[in-house]
*Asks:* 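Have a look at this one before I ask anything.
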Amino acid sequence: MEANEVSELKEQAEKGGESTLRPVAFTMSVLAVLVAVTTVLGHRAETRAVLKRAEASDVWNEYQAKKNRAYDTVLMTDLLGVVTVADKDGAAKIAKGYAGHQDKWAEDFKEEQKEAQGLEGDVKLAEDKAKYFDLAETLLEIGLVVSSVTLLTRSRIYWYLGIGASAVGVASVVWGSLIK
């Protein structure tokens, strides 16, 4: 064999080795994109959970403020009933006004409680979705790193393991997207 032929065979062998790793490199590129998309989905789910928690907190605060006012008006009504007042008609008018407020607030309490509990359900849902997206992100990153070991070792077992971890990660993304 001439030196020219030996160098050609060497180049072909090197090129052949590179072409067998192309699917691994392509898989790694796809996994990198999936990690990025999953990260965004996870961040959005976490942001939604925080916003819904703040909204629920606002509703609970309003509920509690009305409860405090209702309690104060009950105390005032009771006080007007036992204390000697100079203007009994005026006191009766005030007590009647408080009774009207009590009736309205009783309805508001039920509505606000129901709304706050619904928002808490939204928080739980968003947090559950975020958990699945976080798990998926972790598994996809593991799949990406394990697949990259194939480029160093030229052993395809790592590629297959990376694909397996990534498949579970993709399943977690799908599950997180489907839960309602």
Side-chain angles (χ1 to χ4, degrees), residues 28-148 162-180:
M28 290 172 57
S29 299
V30 169
L31 290 178
V33 169
L34 290 174
V35 167
V37 169
T38 303
T39 301
V40 170
L41 289 173
H43 289 175
R44 288 190 175 196
E46 289 167 2
T47 300
R48 180 173 170 77
V50 168
L51 292 174
K52 288 294 181 180
R53 183 173 307 284
E55 196 176 338
S57 179
D58 289 346
V59 173
W60 280 120
N61 288 338
E62 191 174 329
Y63 172 86
Q64 189 61 45
K66 286 183 180 177
K67 275 287 216 186
N68 289 342
R69 282 186 297 206
Y71 182 69
D72 289 346
T73 57
V74 166
L75 289 177
M76 184 58 77
T77 304
D78 290 346
L79 189 62
L80 287 173
V82 294
V83 173
T84 305
V85 289
D87 183 6
K88 291 193 184 253
D89 292 335
K93 184 177 177 183
I94 291 172
K96 184 178 177 184
Y98 285 162
H101 287 298
Q102 290 288 8
D103 294 339
K104 182 187 179 318
W105 288 335
E107 294 173 20
D108 290 350
F109 292 150
K110 292 175 187 173
E111 291 173 15
E112 287 173 356
Q113 187 175 22
K114 186 177 179 181
E115 180 183 357
Q117 289 170 341
L119 290 168
E120 286 178 346
D122 292 346
V123 170
K124 177 156 177 26
L125 176 64
E127 287 175 343
D128 288 346
K129 284 179 176 264
K131 287 176 191 174
Y132 282 104
F133 293 144
D134 288 344
L135 174 64
E137 180 181 358
T138 302
L139 290 170
L140 288 168
E141 287 177 359
I142 289 170
L144 178 61
V145 171
V146 171
S147 292
S148 71
I163 289 173
S166 301
V168 176
V170 168
S172 183
V173 168
V174 169
W175 189 261
S177 298
L178 293 177
I179 59 174
K180 302 265 182 222

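When reading the values below, keep in mind they use all heavy atoms of this one structure, side chains included, and skip hydrogens, waters and symmetry mates. Small disclaimer: the values here were computed from a predicted structure and weren't measured.
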*Asks:* Could you go step by step and tell me if Thr47 and Leu51 meet the side-chain contact (heavy atoms from CB on, under 4.5 Å) rule?
*Replies:* CA-CA 6 Å; Thr47 300; Leu51 292 174; 4.1 Å; yes
*Asks:* Any donor and acceptor pair, going by atom type alone, linking the side chain of Ser172 with main-chain N or O of Gly169 inside 3.5 Å?
*Replies:*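 Looks like no, no N/O pair under 3.5 Å.
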*Asks:* Could you check whether any side-chain N or O of Ser57 sits under 3.5 Å from a backbone N or O of Arg53, counting only pairs where one atom can act as donor and the other as acceptor?
*Replies:*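 Absent.
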*Asks:* Rounded to the nearest 0.5 Å, what's the gap from CE on Met28 to OG on Ser148? Could you check?
*Replies:*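 The distance works out to 4.5 Å.
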*Asks:* Taking atom CG of Asp72 and atom CZ of Arg69, what is their separation to the nearest 0.5 Å?
*Replies:*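 With rounding to 0.5 Å, CG (Asp72) is 9.5 Å from CZ (Arg69).
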*Asks:* Identify the residue among Gln113, Glu112, Glu120 that makes a side chain to side chain donor-acceptor pair (under 3.5 Å) with Trp60.
*Replies:* Glu120
*Asks:* State, to 0.1 Å, how close Ala136 and Val173 come at their nearest heavy-atom pair, and which atoms those are.
*Replies:* CB-CG2, 3.2 Å
*Asks:* To check you understand the geometry: which heavy-atom pair defines the closest contact between Ala49 and Val123, and what is its length?
*Replies:* O-CG2, 3.9 Å
*Asks:* Please list all pairs passing the salt bridge (Lys or Arg N to Asp or Glu O under 4.0 Å) test where one or both residues lie in residues 38-52, with sequence neighbours left out.
*Replies:* Lys52-Glu55, Lys52-Asp122
*Asks:* Of all residues at least two apart in sequence or in a different chain, which pass the side chain to side chain contact (heavy atoms under 4.5 Å, CB included) check with Lys131?
*Replies:* Asp128
*Asks:* Kindly say whether Phe133 contributes a backbone atom to a donor-acceptor pair with the side chain of Thr38 at under 3.5 angstrom?
*Replies:* no
*Asks:* Write down the atom of Tyr63, the atom of Phe109, and the distance for their closest heavy-atom approach.
*Replies:*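 What the structure gives for the nearest pair is CE1-O, 3.4 Å.
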*Asks:* Return the minimal non-hydrogen interatomic distance between Ala126 and Ala45, and the atom names on each side.
*Replies:* CB-O, 3.6 Å
*Asks:* With a 4.5 Å heavy-atom cut-off, do Gln64 and Asn68 have their side chains touching?
*Replies:* yes
*Asks:* Determine the minimum heavy-atom distance between Val146 and Gly162, stating which atoms define it.
*Replies:*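 Heavy atoms only, the tightest pair is CG1-N, 3.7 Å.
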*Asks:* Which heavy atom in Ser177 sits nearest to a heavy atom in Lys129, and how many Å separate them?
*Replies:*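 Nearest heavy atoms, Ser177 then Lys129: O-NZ, 3.3 Å.
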*Asks:* Taking the side chain as C-beta and beyond, is there a heavy-atom pair between Lys110 and Lys114 under 4.5 Å?
*Replies:*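 No, their side chains stay 4.5 Å or more apart.
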*Asks:* Evaluate the side-chain contact (heavy atoms from CB on, under 4.5 Å) criterion for residues Ser166 and Leu34: first the C-alpha distance (whole Å), next the side-chain angles of each, then the deciding distance (0.1 Å), finally the verdict.
*Replies:* CA-CA 9 Å; Ser166 301; Leu34 290 174; over 6 Å; no
*Asks:* First locate atom CG of Asp134, then atom OG1 of Thr39, and finally report the distance between them rounded to the nearest 0.5 Å.
*Replies:* 9.0 Å
